[in-house]
Structures are given as structure tokens and as C-alpha cells.
Number of protein chains: 2
Amino acid sequence: MNVRHLSFRLLQVYVEVVRLGSVSRAAARLHLTQPTVSQQLKRLAEAVGTDILEGRAGGVRPTRAGEELFRAARDVLNRFSDFGDFVDQVRAGSRGRFSIGVVTTAKYILPRLLVPFYRDYPNVEITINIGNRGHVLERYRQDADDLYFFSHPPVGEKTLAGRFLANPLVLIAPQEHWAAARRQVPVSELAGERFLSREPGSATRLVFESWLRDNDIRLANTMQIESNEVIRLSVGEGLGLAVLSEHTISAGAENLAVVDAEGFPLSSYWYLVCHGDRPLPPPARRFVRHLDGHLEECVAPRYIHNELGPILDFISASDRES
Amino acid sequence: MNVRHLSFRLLQVYVEVVRLGSVSRAAARLHLTQPTVSQQLKRLAEAVGTDILEGRAGGVRPTRAGEELFRAARDVLNRFSDFGDFVDQVRAGSRGRFSIGVVTTAKYILPRLLVPFYRDYPNVEITINIGNRGHVLERYRQDADDLYFFSHPPVGEKTLAGRFLANPLVLIAPQEHWAAARRQVPVSELAGERFLSREPGSATRLVFESWLRDNDIRLANTMQIESNEVIRLSVGEGLGLAVLSEHTISAGAENLAVVDAEGFPLSSYWYLVCHGDRPLPPPARRFVRHLDGHLEECVAPRYIHNELGPILDFISASDRES
DNA sequence: TTACTTTATAGATAATCATCTATGAACGTT
DNA sequence: AACGTTCATAGATGATTATCTATAAAGTAA
């Protein structure tokens with residue numbers, strides 16, 4: 001048996017012939033002439049090395065080896081039909097893999113964005129890489145992930161970024177702090193407090209510092225802590241005040257108060273970011289589209305600021321390409 | 001995915017490339033040039049409709065879809081390798097089917113001939129068609145079976161027959177019959193007895209009648225019974241005497257005596273018969289060869305009269321043909 | 001940078017394939 | 001015997017395939 005000259009087409013034809021028990025009828029069904037089919041059968045028999053069909057009243061019937069060939073052919077065609085389905089899914093993006101780089105702060109909203117997608121596309125595997133802003137920026141530069149969540153998107157010729165979620169920054173204090181009971185506290189009055197903040201480069205810190213500069217306020221006493229959790233707990237313990245994403249604090253409520261300070265909450269956003277010079281893998285495209293269509297299922301309406309347009313356009317362009 | 005342009009050769013090449021992780025090395029192993037393999041991969045990707053390989057340090061690596069294609073290809077090639085083995089077995093005759101037509105008398109020796117063959121070739125299925133001589137002759141004329149056992153082979157231009165087994169016909173009587181105690185009884189003395197015999201046309205009867213004619217003996221009283229078993233039992237019960245194959249009576253010994261009569265046992269043989277104008281199916285060839293080589297395992301040496309030569313020659317000729 | 005990989009592309013050619021029309025051979029049914 | 005099936009064979013043709021050599025492009029290691 002020389003498998004080398006075996007083609008799937010021959011098997012398809014053969015299967016049809018055996019199913020219908022007739023060369024002519026198979027030819028008709030396959031939109032071929034009868035001699036064509038006869039000849040293909042001949043070539044198949046040659047490749048197999050044995051007679052596979054024998055004449056029968058008004059048609060043909062497989063020989064012993066032919067029966068077995070029929071089974072093998074059926075199995076093989078089915079196997080590849082399965083594979084075809086798989087490829088279709090891969091192409092449609094409903095199956096496959098992609099990765100997201102996210103800054104630590106985003107981990108509070110990430111699950112809410114991911115769960116509905118997982119529900120609709122159980123065969124997509126998402127790899128999530130979490131790090132601080134510096135870390136994720138580095139990954140972005142190396143093109144290590146397909147999509148990124150940034151609070152301050154990196155700038156760059158080919159960077160595509162789309163705002164899609166409000167990320168209000170609130171001022172938090174221990175519940176027993178004097179400012180917790182006031183309304184519209186001028187922040188200048190808080191300048192003497194100790195402030196706990198993330199490392200330099202953190203988006204939250206960038207926004208806060210920029211705001212301080214704009215309002216000509218200089219803080220007297222700051223403390224750097226590289227974890228939102230620890231900051232939150234420390235504020236609860238009375239170690240100081242802090243500016244944190246509202247999403248972060250809604251997660252736990254241990255003895256914290258949101259101070260109603262002038263100018264607060266500070267306005268800030270989450271951006272979906274990707275490289276504009278390389279097509280996204282299909283599952284990532286699926287994800288962006290899904291995100292675009294299902295934001296209201298993920299978060300409260302007041303957070304939604306859907307400006308994903310440019311990224312969606314980019315994706316549509318990629319679709320047309322391939 | 002267009003299965004139509006998929007060939008097994010492409011899959012073989014692809015599998016080799018993925019296994020070795022390198023186009024060049026696969027090319028070397030397949031005795032092809034590297035561009036050839038590259039081009040085949042391109043066609044394969046085209047047929048599949050997706051990229052299946054991506055560059056990697058010093059070689060290539062399958063994409064997501066490529067991995068799945070690799071699995072499918074491996075499965076499919078294995079499936080056909082199994083089928084190839086099957087075909088080889090069919091061609092060698094160690095797998096398949098054939099049929100034998102036998103006259104009822106032969107059923108006593110048939111199992112002994114078949115069992116050793118079954119032991120050596122468990123994948124060969126034998127269909128046995130048993131009937132009286134007329135019935136089997138009719139099947140022979142219609143070419144309904146591949147091999148036949150006859151005691152008197154049919155004559156015909158294209159009939160191949162080979163004697164291989166003695167089938168002595170003995171005269172049996174009830175144990176208490178007067179002839180049972182005598183030696184060299186002249187059959188003329190038995191002419192007055194009632195004889196039980198098979199239907200006209202039966203080989204046993206033909207031989208006996210021919211012998212009677214040769215010895216100018218005419219029986220007074222006969223009774224026709226179409227079953228060797230019933231004849232045997234009837235003789236045991238004292239209904240009369242009978243001439244039966246020695247093989248037949250060794251099967252049961254109910255109150256029977258073999259009469260030591262003059263001229264007995266009558267000489268007769270089993271013939272293996274087939275049509276000489278059509279090649280035997282490979283399993284039937286295997287069977288004949290096996291029979292030729294294992295007669296002494298099947299029956300006592302005194303029965304063996306192996307004259308299968310012409311049939312074996314015919315078989316060898318068929319082998320060379322295909 | 002240079003040298004040595006690696007894979008990809010281009011161009012050429014002989015083989016093969018897919019497909020048709022026309023025709024023949026075998027078989028069963030009027 | 002004549003007819004209508006069924007499958008097989010022959011001959012023709014354009015498309016595709018298998019395969020090569022030569023060369024380019026891209027990446028890796030010195």
C-alpha cells in the first residue's frame with residue numbers, strides 16, 4: 001500500500017461510490033461523469049494495491065479489503081471534518097489563546113470583564129500577566145502580550161489605545177478621621193496629613209501628583225507602599241490618608257471612609273491598549289468586540305466610557321486582511 | 001478548509017517537519033530539497049486555510065491550528081497504516097473469507113481438517129455449505145463456493161480435483177449379526193440381507209453399486225434413507241446392513257460391528273475440487289497449502305493419499321498473476 | 001560586521017491529475 | 001434478439017503537482 005499517492009479526494013469519491021453502491025450514481029451526485037469516477041477508483045485501487053470493488057448486479061460492491069478501506073476512509077474524513085471545525089473556530093476566534101498585560105490596580109475590575117467572556121467563549125484561553133506599571137510597560141515594549149489595560153497608556157506612533165472605563169480616584173481616610181465627617185473638604189487643609197502612595201510611575205500616583213501640581217499643593221509627609229492592599233489596610237489602621245481607585249476600595253470596607261474633598265474624585269480612566277502594527281490573534285479580536293458589546297454587564301453604568309472605536313476599526317481591518 | 005486538495009503525502013511531509021521542528025532537516029530525511037518541502041507546506045497551509053507554522057529560532061513551530069493539524073495528520077496516517085497492515089494480511093490470505101461446499105458425509109472429517117487451520121489463521125472466516133451430493137454439485141455448477149470436497153469429483157474441462165484422503169467404505173452390521181463373528185465373509189452370502197443406503201447419486205451408493213455390478217451381485221432388499229446418522233442407528237437397531245464411510249462410523253459406536261467381508265473395505269477417496277478458470281481467493285489458497293502441509297496432523301497416516309499437486313500448481317500460478 | 005544558519009521565493013520542467021467525449025463490453029430484462 | 005442498464009477503456013487536454021537549481025531574506029552566533 002503506497003500511501004503517498006492517496007488523496008482525500010479519492011477517498012471522498014470512493015466513500016460516495018460505496019454508499020450508493022454504484023459508480024454512475026456517485027458520479028451524478030458528485031457532478032462528475034461516470035468515466036471520471038471509474039478512473040479515480042482505478043487509481044485508488046492502484047494506490048491501495050488491491051482490488052477494492054467488484055461488480056454486482058446493477059452496480060458495484062466493495063471487496064473484503066474494500067469494506068475495510070471504506071471504514072478507514074470514513075474515519076479519516078470524519079477526523080478531518082472535526083479538524084475543519086476546529087480551524088473554523090480558530091479563525092473565528094472562538095477558540096485559541098491570547099494574553100493580556102494588566103497593571104496590578106486593574107485586577108479588581110479584570111474578573112468582571114473576563115467572566116462574561118469566559119461564559120460565551122469557553123474554549124478561549126487567556127493568559128493574564130499582572131505587574132506594576134513599569135513591568136507592564138516593559139512587556140508592552142517587548143510586544144509580549146496581545147492586549148493591555150493601562151490607566152495611562154504609553155505613547156507611541158503605533159500604539160492604539162481606547163478609553164473604555166472610568167477609574168475615579170478617591171481620597172480615603174480612617175472612618176474616625178475628622179475629614180470623614182466633613183463635606184467638600186479643601187485639600188489644602190489636608191496638606192499636613194501623612195499620605196500613603198504607590199511607587200513613582202504608578203498611574204494613580206501620577207494622576208494625584210499632577211493634580212497636586214495643578215492646585216499648587218505640596219504634601220508634607222508621604223510614605224511609599226507598593227501594594228494597594230497594604231495601603232488600604234494601613235489607612236484603616238490610621239497610618240495616614242491615600243488616593244486610590246474607587247474600584248479598589250469597593251472590594252473591602254475595613255474601617256475606611258471616602259473623604260468628600262474638593263475636586264474629588266479625581267478623574268481617570270482605564271484604556272485598552274494594543275500594538276497597531278501587528279494583527280491581533282482572532283481570540284483577542286473576539287474579546288475586544290465582546291468587551292465593546294458587554295460593558296454594561298460588567299460594570300455599573302456610571303463607569304462606562306466606551307471609546308473603543310479606533311481599536312475596533314483596526315480589528316475590522318485585520319479581519320479583511322486574512 | 002478544503003479537504004479536496006489535501007493529500008496524504010502533504011500530511012506525511014508536515015508530520016515530519018513538525019516532528020523535527022525544521023524544514024531543512026525534514027527535507028533531508030525525506031530525500032527532498034528544502035524548497036520542495038517549503039512549497040508543500042505552503043500548499044498544505046492553503047488547503048487548510050490557515051497558517052500552520054511559524055518561524056522560530058533555528059526552525060519552525062506549529063501554530064495553534066498547526067498543533068491540531070499535527071494530531072489529525074498523525075491519527076490519519078496511523079489509521080491508514082493499520083489499514084495497510086490489513087491489506088497485506090488480505091493479500092497474504094491470512095485474513096479474509098472463503099467458502100467450501102461439502103457433501104454431508106464429509107462433515108465427519110471436516111472439523112479435523114479445519115481446526116488446525118483455524119488455529120494458525122484465526123482471521124480467516126470459512127463458510128461451509130453442506131448438502132447432499134446433488135445439492136453440492138449444483139453449487140459447483142453455479143460456481144457458488146471456492147473449494148469443494150467430493151468423493152466423486154465432477155468431470156469437466158476446467159475442473160481441478162486432487163485426491164488427498166482415503167475414504168474406505170466398510171460394511172456394518174449389528175454386533176449380534178451372524179456375519180459380525182465371521183471372517184472374510186463372501187458378500188454373495190449377504191445378498192439376501194436388507195441393505196440400507198443413501199439416495200441415488202450419493203457417492204457412497206455409487207461406489208457400492210459399482211462394486212456390486214463388478215461382482216455380479218444383485219441385492220434383494222434395499223431401503224433408502226437420506227441420512228448417515230439414521231442409517232447408522234437403524235443398523236444398530238437391527239433394521240439391516242449398510243455400507244458407510246469408515247470415518248462416519250468411528251464417530252459413534254452404538255452396537256455396531258464392521259463386517260470382515262471379502263473385498264471390503266471398498267476403496268474410495270476424498271477429493272479437493274475447485275474451478276480451474278478463476279483464481280482462488282487468497283485465504284482459500286492459504287487453506288489448500290495448509291492442508292497440504294498439515295494432513296498428518298488431521299488424520300491417521302493410513303488415510304493420507306496426498307495428490308494435491310495440480311491444485312497447488314494452479315495456486316502458485318494465480319499468485320504470480322496478481 | 002561577517003559567516004553560517006534558517007526559511008522563502010522564482011523560474012523551469014516533466015509527470016500526474018482531473019476531466020471530458022466517444023465507445024466498448026458485460027449483464028439482465030423485455 | 002433487441003434494449004437499456006452498468007462499468008471499463010481509450011484518447012485528448014488544460015490544470016496542478018512534484019521536484020529541481022539558484023537566489024534572496026532573515027535570524028543567530030562568532
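In what follows, chains are A, B, ... by sequence order, proteins preceding strands, each numbered from 1. From a predicted model like this one, the values you see are computed outputs, not experimental measurements.
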Problem set entry | Distance in angstrom units between Leu53(A) CG and dA26(C) C1', rounded | 17 Å

Problem set entry | Separation of dT7(C) C1' from Leu20(B) CG (nearest whole Å) | 15 Å

Show each protein N/O and nucleotides 6-11 of chain D N/O combination with a separation under 3.5 Å, one pair to a line.
{"from": "dC7(D)", "atom 1": "OP1", "to": "Val23(A)", "atom 2": "N", "distance (Å)": "2.7"}
{"from": "dC7(D)", "atom 1": "OP2", "to": "Ser24(A)", "atom 2": "N", "distance (Å)": "3.1"}
{"from": "dC7(D)", "atom 1": "OP2", "to": "Ser24(A)", "atom 2": "OG", "distance (Å)": "2.1"}
{"from": "dA8(D)", "atom 1": "OP2", "to": "Ser38(A)", "atom 2": "OG", "distance (Å)": "3.0"}
{"from": "dA8(D)", "atom 1": "N7", "to": "Gln34(A)", "atom 2": "NE2", "distance (Å)": "2.8"}
{"from": "dA8(D)", "atom 1": "N6", "to": "Gln34(A)", "atom 2": "OE1", "distance (Å)": "3.2"}

Exercise. Between Ser7(A) and Ala57(A), who's closer to the 5' end of DNA chain C by nearest nucleotide?
Worked result: Ser7(A)

For this session: Give the nucleotide from the list dT19(C), dC17(C), dT19(D) with an atom nearest to the side chain of Arg4(B).
Result: dT19(C)

For this session: Give a yes or no answer on whether the side chain of Arg286(A) reaches the backbone of Ala92(A) with a donor-acceptor pair at less than 3.5 Å.
Result: yes

Seminar exercise, completed: Nearest heavy-atom contact between Phe8(A) and Val3(B) is CB-O, 3.4 Å

Exercise. Who pairs with Arg56(B) by side-chain contact (heavy atoms from CB on, under 4.5 Å), at least two apart in sequence or on another chain?
Worked result: Arg61(B)

Problem set entry | Nearest heavy-atom neighbours spanning Phe150(A) and Val273(A) | CD1-CG2, 3.7 Å

Seminar exercise, completed: In whole angstroms, the gap separating P of dT16(D) from CD of Gln40(B) amounts to 17 Å

Seminar exercise, completed: ring pair (Phe, Tyr, Trp, His ring centres under 6.0 Å) test vs Phe164(B) passes for just one of Tyr271(B), Trp270(B), Phe149(B), namely Phe149(B)

For this session: Check whether any side-chain N or O of Thr33(B) sits under 4.0 Å from OP1 or OP2 of dT19(D), and answer yes or no.
Result: no

For this session: Starting from P on dA8(C), measure out to CG on Asp51(B) and report it in whole angstrom.
Result: 10 Å

Problem set entry | Nearest-angstrom distance from the residue atom NE2 of His5(B) to P of dT16(D) | 7 Å

Identify each donor-acceptor pair in which a side-chain atom of residues 46-53 of chain B lies under 3.5 Å from a protein atom, sequence neighbours left out, and give them as a table.
{"from": "Thr50(B)", "atom 1": "OG1", "to": "Arg91(A)", "atom 2": "NH1", "distance (Å)": "3.3"}

Seminar exercise, completed: Between CG of Leu6(A) and P of dC17(C) the distance, given in whole Å, is 11 Å

